[in-house]
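Below is one structure, written out as C-alpha coordinates, with a few remarks after it.
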Amino acid sequence: MTRHIYLDNNATTALHPEALEAMLPFFSEQFGNPSSIHWAGRRVKSAVEEAREQVASLIGCEASEVVFTSCATESNNMAIKGVAAARHARGNHIVTTTVEHPAVLTPCLYLEHQGFQVTTLDVDEQGMLDLNALEAAITDATILVSAMYANNETGTIFPVREIGELAAGKGICFHCDAVQAVGKIPLHWKESNIHLLSLSGHKLQGPKGIGALIIRKGTKVFPLLHGGSQERNRRAGTENVAGIVGLGKACEIAERSMTTESLRIQALRDRLEQGIIATIPGVRLNGHPLKRLPNTVNLSFLDVKSDSLLFNLDLAGIAASSGSACSSGAIKSSHVLRAMGVGSGAPVANIRFSLGSGNSEQDVADVLKVLPGIVQRLRDTSAVT
Ligand SMILES: Cc1ncc(COP(=O)(O)O)c(C=O)c1O
(Lines give C-alpha, C1' and ligand atoms only; values in the text may rest on other atoms or scores of the structure.)
Protein backbone atom coordinates (compact mmCIF):
# COMPACT_ATOMS: atom_id res chain seq x y z
CA MET A 1 0.00 0.00 0.00
CA THR A 2 1.25 3.51 -0.82
CA ARG A 3 2.54 5.36 2.23
CA HIS A 4 0.89 8.77 2.63
CA ILE A 5 3.12 11.79 3.19
CA TYR A 6 1.33 15.07 3.97
CA LEU A 7 3.30 18.16 2.94
CA ASP A 8 0.42 20.64 2.65
CA ASN A 9 0.25 22.05 6.18
CA ASN A 10 -0.27 25.63 4.98
CA ALA A 11 -3.59 24.45 3.50
CA THR A 12 -4.65 22.79 6.73
CA THR A 13 -3.20 20.74 9.57
CA ALA A 14 -4.32 17.57 11.30
CA LEU A 15 -6.22 18.21 14.52
CA HIS A 16 -3.90 17.62 17.49
CA PRO A 17 -5.12 14.62 19.56
CA GLU A 18 -5.02 16.75 22.74
CA ALA A 19 -7.23 19.37 21.06
CA LEU A 20 -9.69 16.66 20.02
CA GLU A 21 -9.77 15.26 23.55
CA ALA A 22 -10.39 18.72 25.01
CA MET A 23 -13.26 19.29 22.55
CA LEU A 24 -15.15 16.01 22.98
CA PRO A 25 -17.14 16.84 26.17
CA PHE A 26 -18.55 19.93 24.42
CA PHE A 27 -20.27 17.71 21.85
CA SER A 28 -22.04 15.77 24.60
CA GLU A 29 -22.45 16.44 28.32
CA GLN A 30 -21.16 20.03 28.23
CA PHE A 31 -23.96 21.30 26.02
CA GLY A 32 -24.91 24.55 27.78
CA ASN A 33 -25.17 27.93 26.14
CA PRO A 34 -22.38 30.15 27.50
CA SER A 35 -24.86 33.05 27.74
CA SER A 36 -27.12 31.10 30.16
CA ILE A 37 -26.66 32.05 33.78
CA HIS A 38 -27.53 28.60 35.22
CA TRP A 39 -25.04 25.79 35.98
CA ALA A 40 -25.05 24.37 32.44
CA GLY A 41 -24.19 27.74 30.93
CA ARG A 42 -21.65 28.69 33.60
CA ARG A 43 -19.58 25.53 33.08
CA VAL A 44 -19.34 26.15 29.36
CA LYS A 45 -18.69 29.86 29.80
CA SER A 46 -15.66 29.13 31.97
CA ALA A 47 -14.26 26.82 29.24
CA VAL A 48 -14.67 29.61 26.67
CA GLU A 49 -12.87 32.05 28.95
CA GLU A 50 -10.05 29.58 29.60
CA ALA A 51 -9.61 29.20 25.83
CA ARG A 52 -9.55 32.99 25.48
CA GLU A 53 -6.68 33.07 28.00
CA GLN A 54 -4.83 30.36 26.05
CA VAL A 55 -5.13 32.29 22.77
CA ALA A 56 -4.08 35.53 24.49
CA SER A 57 -1.08 33.85 26.07
CA LEU A 58 0.23 32.59 22.69
CA ILE A 59 -0.29 35.98 21.03
CA GLY A 60 0.92 38.00 24.01
CA CYS A 61 -2.25 40.12 24.19
CA GLU A 62 -4.97 40.65 26.82
CA ALA A 63 -7.75 38.06 26.96
CA SER A 64 -10.24 40.91 26.50
CA GLU A 65 -8.65 41.66 23.10
CA VAL A 66 -9.56 38.19 21.71
CA VAL A 67 -12.79 37.93 19.67
CA PHE A 68 -13.75 34.45 18.47
CA THR A 69 -14.97 34.19 14.87
CA SER A 70 -15.88 31.31 12.54
CA CYS A 71 -12.60 31.41 10.55
CA ALA A 72 -9.85 33.77 9.48
CA THR A 73 -11.88 34.75 6.43
CA GLU A 74 -14.46 36.18 8.82
CA SER A 75 -11.72 37.81 10.93
CA ASN A 76 -10.27 39.51 7.85
CA ASN A 77 -13.71 40.67 6.67
CA MET A 78 -14.53 42.00 10.13
CA ALA A 79 -11.22 43.85 10.40
CA ILE A 80 -11.32 45.44 6.96
CA LYS A 81 -15.02 46.23 6.63
CA GLY A 82 -15.34 47.00 10.35
CA VAL A 83 -12.53 49.58 10.28
CA ALA A 84 -13.78 51.04 7.00
CA ALA A 85 -17.23 51.55 8.56
CA ALA A 86 -15.85 52.92 11.83
CA ARG A 87 -13.37 55.34 10.27
CA HIS A 88 -14.88 56.43 6.98
CA ALA A 89 -15.56 59.93 8.31
CA ARG A 90 -11.75 60.33 8.61
CA GLY A 91 -10.94 59.08 5.10
CA ASN A 92 -11.73 56.51 2.45
CA HIS A 93 -8.32 55.12 1.45
CA ILE A 94 -7.02 51.62 2.18
CA VAL A 95 -3.56 50.22 1.40
CA THR A 96 -2.92 46.52 0.92
CA THR A 97 -0.56 44.30 -1.10
CA THR A 98 -0.84 42.16 -4.23
CA VAL A 99 0.15 38.96 -2.39
CA GLU A 100 -2.58 38.95 0.25
CA HIS A 101 -4.93 36.00 0.58
CA PRO A 102 -8.29 36.39 -1.24
CA ALA A 103 -9.83 36.77 2.23
CA VAL A 104 -8.17 40.22 2.30
CA LEU A 105 -8.20 41.15 -1.38
CA THR A 106 -11.89 40.40 -1.90
CA PRO A 107 -13.19 42.50 1.02
CA CYS A 108 -10.96 45.33 -0.28
CA LEU A 109 -12.49 44.92 -3.73
CA TYR A 110 -15.96 44.97 -2.17
CA LEU A 111 -15.12 48.25 -0.43
CA GLU A 112 -13.81 49.66 -3.70
CA HIS A 113 -17.25 48.99 -5.19
CA GLN A 114 -18.70 50.86 -2.20
CA GLY A 115 -16.66 53.96 -3.05
CA PHE A 116 -13.45 53.42 -1.05
CA GLN A 117 -10.09 53.84 -2.76
CA VAL A 118 -7.72 50.89 -2.51
CA THR A 119 -4.01 50.97 -3.31
CA THR A 120 -2.58 47.48 -3.83
CA LEU A 121 1.19 47.55 -3.47
CA ASP A 122 3.51 45.39 -5.58
CA VAL A 123 6.20 43.19 -4.06
CA ASP A 124 9.68 42.44 -5.36
CA GLU A 125 10.82 39.14 -6.95
CA GLN A 126 11.29 37.61 -3.50
CA GLY A 127 7.78 38.59 -2.48
CA MET A 128 9.01 41.34 -0.16
CA LEU A 129 7.21 44.62 0.46
CA ASP A 130 9.07 47.89 -0.10
CA LEU A 131 8.55 50.15 2.93
CA ASN A 132 9.33 53.26 0.87
CA ALA A 133 6.53 52.32 -1.53
CA LEU A 134 4.21 51.86 1.45
CA GLU A 135 5.12 55.27 2.84
CA ALA A 136 4.63 56.88 -0.57
CA ALA A 137 1.19 55.26 -0.94
CA ILE A 138 -0.15 56.69 2.32
CA THR A 139 -2.24 59.83 1.95
CA ASP A 140 -4.17 62.06 4.34
CA ALA A 141 -7.22 59.93 3.52
CA THR A 142 -5.60 56.59 4.47
CA ILE A 143 -7.48 54.89 7.30
CA LEU A 144 -6.22 51.31 7.08
CA VAL A 145 -3.16 49.31 6.04
CA SER A 146 -3.80 45.57 5.64
CA ALA A 147 -0.63 43.53 5.16
CA MET A 148 -0.01 39.89 6.00
CA TYR A 149 2.55 38.56 8.47
CA ALA A 150 3.78 35.68 6.33
CA ASN A 151 2.72 34.57 2.88
CA ASN A 152 0.81 31.30 2.60
CA GLU A 153 2.39 30.34 -0.74
CA THR A 154 6.04 31.31 -0.33
CA GLY A 155 6.38 31.76 3.43
CA THR A 156 7.97 35.20 2.92
CA ILE A 157 7.73 37.22 6.15
CA PHE A 158 6.87 40.91 5.80
CA PRO A 159 8.63 43.59 7.92
CA VAL A 160 5.64 43.77 10.21
CA ARG A 161 7.27 45.80 12.95
CA GLU A 162 8.31 48.52 10.47
CA ILE A 163 4.89 48.51 8.78
CA GLY A 164 3.30 48.99 12.20
CA GLU A 165 5.64 51.84 13.11
CA LEU A 166 4.91 53.59 9.83
CA ALA A 167 1.15 53.24 10.24
CA ALA A 168 1.18 54.21 13.92
CA GLY A 169 3.27 57.32 13.16
CA LYS A 170 0.49 58.51 10.86
CA GLY A 171 -2.46 57.47 13.03
CA ILE A 172 -3.47 54.70 10.62
CA CYS A 173 -4.99 51.41 11.67
CA PHE A 174 -2.87 48.32 10.85
CA HIS A 175 -4.58 44.99 10.17
CA CYS A 176 -2.33 41.95 9.85
CA ASP A 177 -3.46 38.58 8.49
CA ALA A 178 -1.20 36.42 10.65
CA VAL A 179 -2.88 33.10 9.81
CA GLN A 180 0.33 31.43 8.62
CA ALA A 181 2.59 32.92 11.27
CA VAL A 182 0.63 32.08 14.44
CA GLY A 183 2.10 29.00 16.10
CA LYS A 184 5.11 28.94 13.79
CA ILE A 185 7.06 32.06 14.80
CA PRO A 186 6.89 34.46 17.78
CA LEU A 187 4.68 37.48 17.05
CA HIS A 188 5.74 40.23 19.51
CA TRP A 189 2.19 41.64 19.69
CA LYS A 190 2.98 44.15 22.43
CA GLU A 191 5.69 45.95 20.44
CA SER A 192 4.12 45.38 17.03
CA ASN A 193 1.72 48.33 16.57
CA ILE A 194 -0.71 45.86 14.97
CA HIS A 195 -4.26 46.98 15.76
CA LEU A 196 -6.04 43.92 14.38
CA LEU A 197 -4.62 40.44 13.91
CA SER A 198 -6.39 37.50 12.23
CA LEU A 199 -5.76 33.85 13.04
CA SER A 200 -7.33 30.50 12.16
CA GLY A 201 -7.68 27.31 14.22
CA HIS A 202 -7.09 24.77 11.48
CA LYS A 203 -3.70 26.17 10.50
CA LEU A 204 -2.19 25.37 13.90
CA GLN A 205 -3.56 21.91 14.67
CA GLY A 206 -6.87 23.23 15.96
CA PRO A 207 -10.27 22.47 14.39
CA LYS A 208 -11.76 23.96 11.26
CA GLY A 209 -14.57 26.51 11.58
CA ILE A 210 -12.98 28.58 14.31
CA GLY A 211 -10.81 31.68 14.16
CA ALA A 212 -10.13 34.82 16.10
CA LEU A 213 -9.62 38.49 15.54
CA ILE A 214 -7.35 40.14 18.09
CA ILE A 215 -8.49 43.74 18.50
CA ARG A 216 -6.07 46.02 20.32
CA LYS A 217 -7.73 47.85 23.20
CA GLY A 218 -9.17 51.18 22.01
CA THR A 219 -9.44 50.17 18.32
CA LYS A 220 -12.87 50.95 16.93
CA VAL A 221 -14.29 48.21 14.67
CA PHE A 222 -17.93 47.93 13.62
CA PRO A 223 -19.28 44.39 13.95
CA LEU A 224 -19.97 42.31 10.86
CA LEU A 225 -22.77 40.27 12.44
CA HIS A 226 -25.59 41.97 14.29
CA GLY A 227 -27.65 40.10 16.84
CA GLY A 228 -26.99 39.13 20.45
CA SER A 229 -24.37 40.69 22.70
CA GLN A 230 -21.85 37.83 22.58
CA GLU A 231 -18.12 38.61 22.49
CA ARG A 232 -18.82 41.97 24.21
CA ASN A 233 -21.03 43.10 21.36
CA ARG A 234 -18.27 42.57 18.83
CA ARG A 235 -19.48 39.28 17.24
CA ALA A 236 -23.08 38.16 17.61
CA GLY A 237 -24.10 34.50 17.58
CA THR A 238 -23.97 31.63 20.04
CA GLU A 239 -20.36 30.61 20.42
CA ASN A 240 -18.86 27.53 18.73
CA VAL A 241 -17.83 26.23 22.13
CA ALA A 242 -16.13 23.00 21.02
CA GLY A 243 -14.22 24.90 18.33
CA ILE A 244 -13.17 27.59 20.79
CA VAL A 245 -11.95 24.99 23.28
CA GLY A 246 -10.02 23.20 20.50
CA LEU A 247 -8.44 26.46 19.34
CA GLY A 248 -7.46 27.31 22.92
CA LYS A 249 -5.82 23.91 23.40
CA ALA A 250 -4.02 24.20 20.04
CA CYS A 251 -2.64 27.60 21.14
CA GLU A 252 -1.49 26.13 24.47
CA ILE A 253 0.29 23.30 22.62
CA ALA A 254 1.87 25.75 20.15
CA GLU A 255 3.10 27.96 22.97
CA ARG A 256 4.84 25.11 24.77
CA SER A 257 6.30 23.38 21.70
CA MET A 258 6.81 26.10 19.07
CA THR A 259 10.51 26.76 19.73
CA THR A 260 11.63 23.14 19.47
CA GLU A 261 9.12 22.10 16.80
CA SER A 262 9.95 25.02 14.53
CA LEU A 263 13.64 24.14 14.68
CA ARG A 264 12.93 20.47 13.95
CA ILE A 265 10.58 21.30 11.08
CA GLN A 266 12.99 23.87 9.63
CA ALA A 267 15.78 21.28 9.61
CA LEU A 268 13.50 18.88 7.70
CA ARG A 269 12.43 21.65 5.31
CA ASP A 270 16.05 22.62 4.66
CA ARG A 271 17.03 19.00 4.00
CA LEU A 272 14.14 18.62 1.57
CA GLU A 273 14.92 21.89 -0.21
CA GLN A 274 18.66 21.27 -0.46
CA GLY A 275 18.12 17.65 -1.51
CA ILE A 276 15.78 18.66 -4.34
CA ILE A 277 18.03 21.43 -5.58
CA ALA A 278 21.11 19.16 -5.43
CA THR A 279 19.53 16.24 -7.30
CA ILE A 280 17.17 17.87 -9.82
CA PRO A 281 18.45 20.37 -12.39
CA GLY A 282 16.29 23.35 -13.37
CA VAL A 283 14.80 24.05 -9.94
CA ARG A 284 14.48 27.56 -8.49
CA LEU A 285 13.38 28.78 -5.05
CA ASN A 286 10.43 31.19 -4.91
CA GLY A 287 10.21 33.63 -2.02
CA HIS A 288 12.75 35.09 0.34
CA PRO A 289 15.57 32.63 1.08
CA LEU A 290 15.94 33.74 4.71
CA LYS A 291 12.97 35.87 5.82
CA ARG A 292 10.69 32.90 5.48
CA LEU A 293 8.48 30.65 7.60
CA PRO A 294 10.45 27.66 8.89
CA ASN A 295 8.06 25.11 7.36
CA THR A 296 7.55 26.42 3.80
CA VAL A 297 9.43 25.91 0.55
CA ASN A 298 8.05 26.92 -2.83
CA LEU A 299 9.99 25.69 -5.85
CA SER A 300 9.74 26.18 -9.61
CA PHE A 301 10.51 23.05 -11.64
CA LEU A 302 11.33 24.15 -15.17
CA ASP A 303 9.90 22.25 -18.17
CA VAL A 304 7.25 20.46 -16.09
CA LYS A 305 3.54 21.25 -15.74
CA SER A 306 2.11 21.87 -12.24
CA ASP A 307 -0.90 19.58 -12.67
CA SER A 308 1.22 16.68 -14.02
CA LEU A 309 3.73 16.98 -11.20
CA LEU A 310 1.09 17.27 -8.47
CA PHE A 311 -0.83 14.32 -9.96
CA ASN A 312 2.27 12.14 -10.03
CA LEU A 313 3.24 13.17 -6.50
CA ASP A 314 -0.29 12.25 -5.40
CA LEU A 315 0.04 8.84 -7.10
CA ALA A 316 3.20 8.34 -5.03
CA GLY A 317 1.21 9.24 -1.87
CA ILE A 318 2.70 12.72 -1.50
CA ALA A 319 0.30 15.63 -0.84
CA ALA A 320 1.77 18.98 -1.90
CA SER A 321 0.20 21.97 -3.57
CA SER A 322 0.69 24.49 -6.31
CA GLY A 323 -0.11 27.39 -4.00
CA SER A 324 -3.19 28.21 -2.03
CA ALA A 325 -5.91 25.60 -1.59
CA CYS A 326 -8.52 26.27 -4.24
CA SER A 327 -12.11 25.52 -3.31
CA SER A 328 -12.94 24.27 -6.82
CA GLY A 329 -10.09 21.74 -6.76
CA ALA A 330 -8.76 23.27 -9.98
CA ILE A 331 -5.15 24.39 -10.34
CA LYS A 332 -5.16 28.12 -10.96
CA SER A 333 -2.06 30.13 -11.70
CA SER A 334 -0.94 31.81 -8.51
CA HIS A 335 -1.59 35.55 -8.10
CA VAL A 336 1.25 35.60 -5.55
CA LEU A 337 3.85 34.17 -7.92
CA ARG A 338 2.56 36.34 -10.78
CA ALA A 339 3.03 39.39 -8.55
CA MET A 340 6.63 38.27 -8.00
CA GLY A 341 7.18 37.88 -11.75
CA VAL A 342 7.49 34.06 -11.50
CA GLY A 343 6.27 31.48 -13.92
CA SER A 344 5.15 33.16 -17.07
CA GLY A 345 6.41 31.83 -20.40
CA ALA A 346 7.96 28.33 -20.49
CA PRO A 347 6.11 25.47 -18.78
CA VAL A 348 6.98 25.53 -15.15
CA ALA A 349 5.57 23.71 -12.13
CA ASN A 350 5.44 25.90 -9.03
CA ILE A 351 5.09 23.56 -6.08
CA ARG A 352 4.69 24.40 -2.40
CA PHE A 353 5.81 21.90 0.21
CA SER A 354 4.62 22.98 3.66
CA LEU A 355 5.75 20.79 6.53
CA GLY A 356 4.21 20.29 9.94
CA SER A 357 4.37 18.40 13.20
CA GLY A 358 3.40 15.11 11.58
CA ASN A 359 6.48 15.04 9.34
CA SER A 360 9.57 12.95 9.94
CA GLU A 361 13.04 12.43 8.45
CA GLN A 362 11.62 9.35 6.72
CA ASP A 363 9.09 11.56 4.89
CA VAL A 364 11.86 13.77 3.53
CA ALA A 365 13.98 10.77 2.56
CA ASP A 366 11.04 9.15 0.75
CA VAL A 367 10.22 12.33 -1.21
CA LEU A 368 13.86 12.73 -2.20
CA LYS A 369 13.87 9.10 -3.37
CA VAL A 370 10.92 9.43 -5.78
CA LEU A 371 10.82 13.09 -6.87
CA PRO A 372 13.89 13.17 -9.17
CA GLY A 373 12.52 10.18 -11.13
CA ILE A 374 9.05 11.72 -11.46
CA VAL A 375 10.44 15.03 -12.74
CA GLN A 376 12.79 13.28 -15.16
CA ARG A 377 9.98 11.10 -16.53
CA LEU A 378 7.69 14.12 -17.04
CA ARG A 379 10.44 16.06 -18.80
CA ASP A 380 11.25 13.07 -21.05
CA THR A 381 7.57 12.59 -21.95
CA SER A 382 7.01 16.23 -22.76
CA ALA A 383 10.19 16.27 -24.89
CA VAL A 384 8.84 13.30 -26.92
CA THR A 385 5.33 14.70 -27.55
C1 LIG B 1 -2.94 33.86 4.77
C2 LIG B 1 -4.32 33.30 4.91
N3 LIG B 1 -5.32 34.12 5.26
C4 LIG B 1 -6.58 33.67 5.41
C5 LIG B 1 -6.89 32.34 5.20
C6 LIG B 1 -8.32 31.89 5.38
O7 LIG B 1 -8.42 31.13 6.57
P8 LIG B 1 -9.78 30.35 6.94
O9 LIG B 1 -9.69 29.04 6.23
O10 LIG B 1 -9.74 30.18 8.43
O11 LIG B 1 -10.90 31.18 6.51
C12 LIG B 1 -5.87 31.45 4.81
C13 LIG B 1 -6.18 30.04 4.51
O14 LIG B 1 -5.63 29.46 3.60
C15 LIG B 1 -4.55 31.95 4.68
O16 LIG B 1 -3.55 31.15 4.33
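For reference, positions follow the sequence shown, starting with 1. All of these numbers come straight from a predicted model, not from anything done at the bench.
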Donor + acceptor pair across side chains of N10, N295 (<3.5 Å): yes

In Å and rounded to the nearest 0.5 Å, what is the CZ to CD1 distance from F116 to I94? 5.5 Å

For R234 and E231, run salt bridge (charged side-chain N to carboxylate O under 4.0 Å, His left out): C-alpha distance rounded to whole Å, both residues' side-chain angles, the deciding distance at 0.1 Å, then the answer. CA-CA 5 Å; R234 293 173 296 188; E231 297 297 282; 5.5 Å; no

In this structure, which one of K203, K208, Q205 forms a side-chain hydrogen bond (donor to acceptor under 3.5 Å, both in side chains) with T12? K208

Tell me whether R292 is salt-bridged to E273, with the criterion being a basic N under 4.0 Å from an acidic carboxylate O. yes

Nearest 0.5 angstrom please: F301 CZ to R379 CZ, how far? 8.0 Å

Salt bridge flag under 4.0 Å for residues D366 and K369: yes

side-chain contact (heavy atoms from CB on, under 4.5 Å) for F158 and M148? Distances and angles first, verdict last. CA-CA 7 Å; F158 271 173; M148 68 204 319; 4.1 Å; yes

Side-chain (N359) to main-chain (L355) donor-acceptor, under 3.5 angstrom: no

Do the charged groups of E361 and R271 touch, with an N to O distance under 4.0 Å? yes

Within 45° of the ring axis of F222 and under 6.0 Å from its six-membered ring centre, is that where the NZ or CZ of K81 lies? no

Report the C-alpha separation of D130 and L134 in whole Å, then their side-chain angles, then the decisive distance to 0.1 Å, and conclude whether the side-chain contact (heavy atoms from CB on, under 4.5 Å) test is met. CA-CA 6 Å; D130 177 358; L134 171 60; over 6 Å; no

Is the shortest distance from a Lys or Arg side-chain nitrogen in E49 or R43 to a carboxylate oxygen in the other one below 4.0 Å? no

How long is the span from the CG atom in L272 to the CD1 atom in I277, to the nearest 0.5 Å? 9.5 Å

Under the salt bridge (Lys or Arg N to Asp or Glu O under 4.0 Å) test, residues paired with K249 that sit two or more places apart: E252

Between K305 and A349 (side chain of the first, backbone of the second, donor and acceptor by atom type, cut-off under 3.5 Å), is there such a pair? no

Between the NZ atom in K291 and the OG1 atom in T156, the distance rounded to the nearest 0.5 Å is 10.5 Å

